There are 2 protein chains.
Amino acid sequence: MAIDHPHRRTRLSALLLVALWSLAESKYIAYNTTQRIVADKLNVHIVAHTHDDVGWLKTVDQYYVGSNNSIQGACVQNVLDSIIPALLADKNRRFIYVEQAFFQRWWRQQSDEIKSTVKELLSSGQLEFINGGMCMHDEAAVHYIDMIDQTTLGHRFIKQEFGIIPRIGWQIDPFGHSAVQAYLLSAEVGFDALYFFRIDYQDLAKRKDLKSLEVIWRASKSRGLSADVFTGIFPKNYEPPPGGFYFEVNDDSPVIQDDPLLFDYNVQERVDDFVAAALSQANITRANHIMFTMGTDFKYQYANSWFRQLDKFIHYVNKDGRVNALYSTPSIYTDAKYALEESWPLKTGDFFPYADNPNAYWTGYFTSRPAIKGYVRMMSAYYLAARQLEFFTERNSSGYTTDSLADALAIAQHHDAVTGTEKQHVANDYAKRLSIGYSEAEKLVGASLACLTEPISSPGCYNTTTKFEQCPLLNISYCPPSEVDLSLGKKMIVLVYNSLGWKRNDIIRIPVISESIVHDSDGNEIESQLLPLADATINLRSHHVKAYLGISPSITPKFWLIFAVSVPPLGFNTYFVSSTKGKGSVASVSTFYSSEESKSSNIEVGKGKLKLLYNVKDGTLTHYLNSRSLVKASMEQTYSYYAGDSGSGNDPQASGAYIFRPNGTFPIKPEKKTPTTIVRGSILDEVHQQINPWIYQVSRVYKDKEHAEVEFTVGPIPVDDEIGKEIVTKITTGMATNKTFYTDSNGRDFIKRVRDYRSDLELQVNQPVAGNYYPINLGIYMQDDSTEFSVLVDRSVGGSSILDGQIELMLHRRLLYDDGRGVGEALNETVCVNGECAGLTVQGKFYVKIDPLGEGSRWRRTFGQEIYSPLLVAFSIEDGGNWTGSHTANFSAMDPSYSLPDNVALITLQELEDGNVLLRLAHLYEVGEHKDLSAMAYVELKKMFPVRKIGNIIEMNLSANQEKTAMEKKRLKWKTEGSSGVETIARGAPVDPSELVVELAPMEVRTFLIKFDYISFAKIGDR
Amino acid sequence: MAIDHPHRRTRLSALLLVALWSLAESKYIAYNTTQRIVADKLNVHIVAHTHDDVGWLKTVDQYYVGSNNSIQGACVQNVLDSIIPALLADKNRRFIYVEQAFFQRWWRQQSDEIKSTVKELLSSGQLEFINGGMCMHDEAAVHYIDMIDQTTLGHRFIKQEFGIIPRIGWQIDPFGHSAVQAYLLSAEVGFDALYFFRIDYQDLAKRKDLKSLEVIWRASKSRGLSADVFTGIFPKNYEPPPGGFYFEVNDDSPVIQDDPLLFDYNVQERVDDFVAAALSQANITRANHIMFTMGTDFKYQYANSWFRQLDKFIHYVNKDGRVNALYSTPSIYTDAKYALEESWPLKTGDFFPYADNPNAYWTGYFTSRPAIKGYVRMMSAYYLAARQLEFFTERNSSGYTTDSLADALAIAQHHDAVTGTEKQHVANDYAKRLSIGYSEAEKLVGASLACLTEPISSPGCYNTTTKFEQCPLLNISYCPPSEVDLSLGKKMIVLVYNSLGWKRNDIIRIPVISESIVHDSDGNEIESQLLPLADATINLRSHHVKAYLGISPSITPKFWLIFAVSVPPLGFNTYFVSSTKGKGSVASVSTFYSSEESKSSNIEVGKGKLKLLYNVKDGTLTHYLNSRSLVKASMEQTYSYYAGDSGSGNDPQASGAYIFRPNGTFPIKPEKKTPTTIVRGSILDEVHQQINPWIYQVSRVYKDKEHAEVEFTVGPIPVDDEIGKEIVTKITTGMATNKTFYTDSNGRDFIKRVRDYRSDLELQVNQPVAGNYYPINLGIYMQDDSTEFSVLVDRSVGGSSILDGQIELMLHRRLLYDDGRGVGEALNETVCVNGECAGLTVQGKFYVKIDPLGEGSRWRRTFGQEIYSPLLVAFSIEDGGNWTGSHTANFSAMDPSYSLPDNVALITLQELEDGNVLLRLAHLYEVGEHKDLSAMAYVELKKMFPVRKIGNIIEMNLSANQEKTAMEKKRLKWKTEGSSGVETIARGAPVDPSELVVELAPMEVRTFLIKFDYISFAKIGDR
């Protein structure tokens, strides 16, 4: 025989094993998992969970069905399928599920048998819904209305299907955390706690030192302690603790081998590992409860592989006795912390920006994919308007709904959707879903408008004959219904719908193919302005129509037809466009000047109170003047780019989809050879500037508006020099702003920002630019002694004030390196025509105003709502007939005498599937924000709904899954260190069912479910 | 808003989807999986399976519990856990399970509830055991006794626990297929079919062309058509068909997306893929049934992820209707093929060697890890002997069993165990298991021998006082119980047990520390020879004792004490060794000669009938002479090595654990400076040759034996030159052998081999050496007109006859490159002492004999049994007392007048747990192999078991899980092309219960279950 004898190295263990074989008998082990909380021990709450991104590297559907696994092995169907038998196998096991977009997909595929099992698991608490929105929405690049809508969609499904109300906020992955998330989407939803982990790495380290990872977050000045939320920050991530506790199929953490008849018995080692991990976490946590988040992205595909190990840990760790391990959920954990009756540290403000390393500020995604961000915002407004119209004409009466758009928008709020941190094919998927949802909603809107304009279309609107068309590509001047030949006497009907609760005077612009004039519904010609299409606009149009629709339009419009409209609240007005041929009433075609032709040193632009002055020599903006408010300020506006760091230096961190890491600032100097062009007209003046070959800017000053509108067209950003670029515009005034500026939180509260400073703890801001960037959804402003300077935006962008007196916005980004946070792609968006691809061109707007100190908020709030909710324009053709004789030309859902107070916005008006109507009203001002408008506001529902009778009205929590009173009674009242717990916060009183007046205190959002007893369609028709 | 509009590229699909949304409603789909066979369609049998290696890249226990996943993600516990709910979810689903080593691990951990569920699934046929041995044994490097034992262990468990008898052989992965597997381990086990896929790539291609992948394999000349087995060869591998049908968690095959509400609906594409795969396979398969092997290595860790897709395929493919898809098993498939009543092509011989590419002959593993191969063989014999002793003294009477050794040996037969194709740490694990099993069995053997030697130790043997020790490291001259100081009058008791059924005269050798003499049990001194330990032996001893036991023995023996023993069948004899000090009867210490000192040209070695002649000049062997048989032949023996191809040429195929790909042959010339040394003695002569610094050879000629014994010590093979080496010895005669030689099949039938030729089809042998290698377990021989030249081996090795008249054996391999078949390691075994590692040294033996034509078989068969079953030697000390007065010194379990016929071997004698005794007898000769011994043989059971009364005897099938008659009645009778189906094959008649004589026809193995009515322990004690 041979020499390779097995006694080698194994003799001792062999002897040991022989001993084990003799003593032990392998058999079925009934693991004891019954353990509950033990008061005098360290309780380790084992929270089994999966984190399922509603799209990221794969699309939401790919994640659900488990396709495209070559990109990422992930199948949510596996998770939900496998969790059921795993929970049935041991009634002590618990699991939480979060993302309802996935759950709903799964649920509708299940048999009645499985559905009934799931209901039992939910009712026993073995399965618990946490968070409960359709997705785990982002907190930086999302608007609060979208956050509310997507949460409501998830919560109401859960309530209707299961009668369950999620108790816990679970924002474990988003890249920073907003005040609105805390006080509105947590407290007002009724959450007893909010958990997450991504906060600044220095903040995290200090909180670990101070044991202040768990705090009371009081995020709203205006809502005060009524909106406190207990907030738990995870010490490392949302994964299992360090030490090898990952048990997905094929994971390589050591499994507990407790069969004495097999080799490598390791119970004690693994118990020691667990206890060590527990003690380590206990060391940075207050009180004798810690949470082990046992799961991570797309785990529990075979749930049993985790629970098998978790059972063993609980069994053996409790036998060991040093710590107490139990199956738990965030709710149980929260209740345990609450039961201690301790006081917790106070946290105010928010958790932006997020950095996980000195050179890794996650502030790039505030701007990443600006086109998607813009599209989401546009769809959000359209969804709001479409639901109003759906409500006016009864849900489903047209056969169309907003459901598909609701789903698409909900998913788009995901923290890898609107953030721009998903792979390109996934971004395309979100856009496609929005497009499909829009397409369905567009039909609903068309049908509803037809119904509302036709006098005898009651009820049901099935027999309407009027066809309304809309123009989603109006931004690139592509609008077939307005590009029609009116020479033979046809009239173009332009219906303008206003989804705001206020009467609205505004300017609209539509492309036309010939000189045209506009009449109102009384037959009076109204002022209009024809503006020849700039070459830049025409090129943009033809290129993108080809790229997106695959066609080359045969007609090219010649003019923008611009005219003023006046529309009642929640209503529409109708305008009539006809050819001027043979009528003599020609609109004033604008005159052109090249700035170089001018004689004086400055050129003044603007016919109304606002004037902008431009330097003759180089065409640059120099001053901002308001003759009414007497504001006069120097003002420059420039473009520049940051070179995206390639990560080739000592720190391999590149600038990418998530992270903004500039490597130098480079001013973009306007090119001399393309002169600034000024277009003047009766309604507005425009200043056209070709800043460089890939930046085109139009600045607009309206005769009747006191702000300037800037439309930028940026792209394709050149990268031939192999340098990624992040394009910013900087608006510079002479204001002494002392490092201080203000940015909104999800379009709602403004939060004070101080450059290079964090209020919470003494943190080092390592990146002078990226570390001072904040997300902007509504606007950014700053103040000096006498004025406030505000910039409002049309979508989510990143911005800052890097120099005193200066505001900068990041408008577009094109980068060449992945930034190492998982997406695995450079943020390099392109548009292709015939296989030739160029960088994506982005067009957007921002709005600039300087007000006397104390007066800025009114514009920011009121005009901010107008930006969010642009007028909805629909087109039809009057072919010979008498439109006004056969159609309703103007309409308001509200009493003609009524409009909402200036400080209140209608943010939801929606008929639900059950016929109830969801109404949300929001006070637009913070405490002290405006001397008059920060007061209590009153909404008269009887006047809001004059044709209907409110049979029943119930105030609900924000996500409308429970009555507000019940929520307030139930919700845990936490104690805060150094706080008396007594504070007078104004709040609207309960609604008196006879008066039906809704009171709203500053920043209050109130949600109602209304049952209407009676609807007078005839009355609508009459109006 | 922005330009990146979603209409891009998605417009058409968006429109399509809107249409789908309107029409479709996603809901629970009850997949129709009820389909059964349809006569007039192509039936696609979907066989869901997992292939679970009982050790390969990880150890068997690591695979079971799912540890060490960083090496390979694999957890068999997941498979077995998850299959249960998956089968319960749909009663049409089926799954097969194969490897009982895993199943048994799992089974004993299950709750009664799960056990009862599994029993239902088994009884309904949803779960079916296939193959059913402990492992899927190899077919090249295994001995038929081990194959039978491991199969029996699995089959009897299945029978006892579930009452089930596996019907199908499933050797899907082993690297070539043996005749013994077909006719013995398939037909005699009762299998209705045998399936696998690894056959020569040219053979496979031709069989696909000829549609002869399914054949009747008639593998035994002697057993003829009675041992036919229907054999199915898979067309590609044992995985799903090409086209994307892998559905493990995270696999990237396209899943069927059949929810119209989700994107990427793909039912038709996937149905088309399935139909295309089916038609492609049907194109190379006879009749309208094909099998889709839906699984592969360690799959179904989450079974639902496969069944979910398989359900959908069956549902939609059958809706499509082009082919008929059904859940099936190999049994159902086999029955379907059988029901067609077709005739199938005939296949004879075997399927060795296996090549999957022109330069990839899998003939390296015939020798890989020769030390493990030797250890397995040694343990196999020990297991056989230990069970005999266990039977003699009643199972469990000592508290010890052979169960652990049985398990270890069973697992070691796995096709990545004894093959040497596992990772090093796994090889260590197999060795450790054997060592533990040995250790337990050693105690059993010691206790049994004590019991048999002590007269009053009846029954139970609990009170024995005699201690017997054994020496598993005797091969490296390490034997503490024999290395004792006998100078003070102590005697060493040497008990010698013979597990053969024949009386046996043999020579044993034990290390002693001083001059000693030997007496038999009658007190007569017997001839002995003292042989000083060679330096090479002492170095080997001290190095490996240190390496394997971690100690440096304080004593070094001085001599090998060699003496002749005579032992009765199934019995023992006792010898007494005492110091010669002061007794004058000194053993003849051998005299040394250096060959260079000799005067004549040849030196003759051997005192008996056999003489070997050596050349004086270079010490090489020149002639073989037998004075009795008058055989005189020239004979040379040389060493050489093949350089292992590194795969750096055009074909990247390296020589490795599996594959033998030589890159040149290099003779190893004996080094002049170390002379050949001849040791002569009264019992044997030895020729010691240091061939080179790392090859040491001892050739032995015994006075009373007519064969030469060669003991080689090879290693550490140097690889400083960065060339892997495969060491062979070549024995060259002048015989004209016409390319023809014979090698055994698993130690049983000899199969004719013709160099560069395959009998089946006209195949090209691409590698002139590797392509002619065959596995050798018993021996290799060749013939000319007058003589036959045989070489027998002590373990599995690879060998061939590359030149006429020459036989070569590959003895050891050390290679530096992985050969790309998955193991991911170079075959580079080392032994380490104090952290210094050197290549593994291997010691082994082979035996050479030349007989007159027609006489070779007797030696091969009889001495072959002696090699397989060496004498078992145990030691004790007689310390002053009178051993023979107080102990039984000789014993035979059989009647003193009886021994088994020369042509019969006892291959199993084992008391089972239920008290029944398993007896297996094997005829050792093929039809026509020997003029006398190929006749019918008769075994008289009454004389075999003189002290017991056979109460009941039932003939069983080979694996003892069913009565033979029932098996023969049940087993399918297939029709063979061109065969009448009528053939007269001799077979033993049923056993007459009164006569109790077992008849055995050539190559017949008969298996019996015996119930003894009465055991006379007293009678045993008396003997």
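Chain identifiers are assigned alphabetically (A, B, ...) following the order of the sequence lines, protein sequences preceding nucleic acid strands; residue numbering begins at 1 within each chain. Just so it is clear, the model here is predicted, and its values are computed rather than measured.
Of the listed residues B:Gln72, B:Gln77, B:Arg308, the one with more heavy-atom pairs under 4.5 angstrom with chain A than any other is B:Arg308. Across B:Val65, B:Asn78, B:Ile71, the residue that shares the most heavy-atom pairs under 4.5 angstrom with chain A is B:Asn78. Most heavy-atom pairs under 4.5 Å with chain B: of the set A:Asp81, A:Thr59, A:Asp112, A:Ile256, this distinction falls to A:Asp81. Comparing A:Ile114, A:Asp429, A:Val249, A:Asp61 by how many heavy-atom pairs each has under 4.5 Å with chain B, the most go to A:Asp61. Interface remark: of the candidates B:Ala74, B:Ser82, B:Gly437, B:Ser82 forms the most heavy-atom pairs closer than 4.5 Å to chain A. Between chain A and the residues B:Asn68, B:Ile29, B:Asp251, B:Val60, the largest count of heavy-atom pairs under 4.5 Å involves B:Asp251.
With sequence neighbours excluded, the residues that form a ring-ring contact (aromatic ring centres under 6.0 Å, His included) with A:Tyr382 are A:Tyr438. In this structure, the side-chain contact (heavy atoms from CB on, under 4.5 Å) partners of B:Ala427, at least two apart in sequence or on a different chain, are B:Arg369, B:Ile372, B:Glu422, B:Gln424.
Heavy atoms closer than 4.5 Å to chain B are found nowhere in A:Phe298, neither backbone nor side chain. Neither the backbone nor the side chain of B:Glu113 comes within contact range of chain A; no heavy atoms are under 4.5 Å apart.
A ring-centre distance under 6.0 Å is not found for A:Phe247 and A:Phe307.
Looking at A:Gln109 and B:Lys27, their side chains never come closer than 4.5 Å, going by heavy atoms from C-beta outward.
A:Gln257 places a side-chain N or O within donor-acceptor distance of the main-chain N or O of A:Phe263, the cut-off being under 3.5 Å.
Heavy atoms only, all atoms of each residue included: B:Leu434 and B:Tyr375 are closest at CB-CE2, 3.4 Å.
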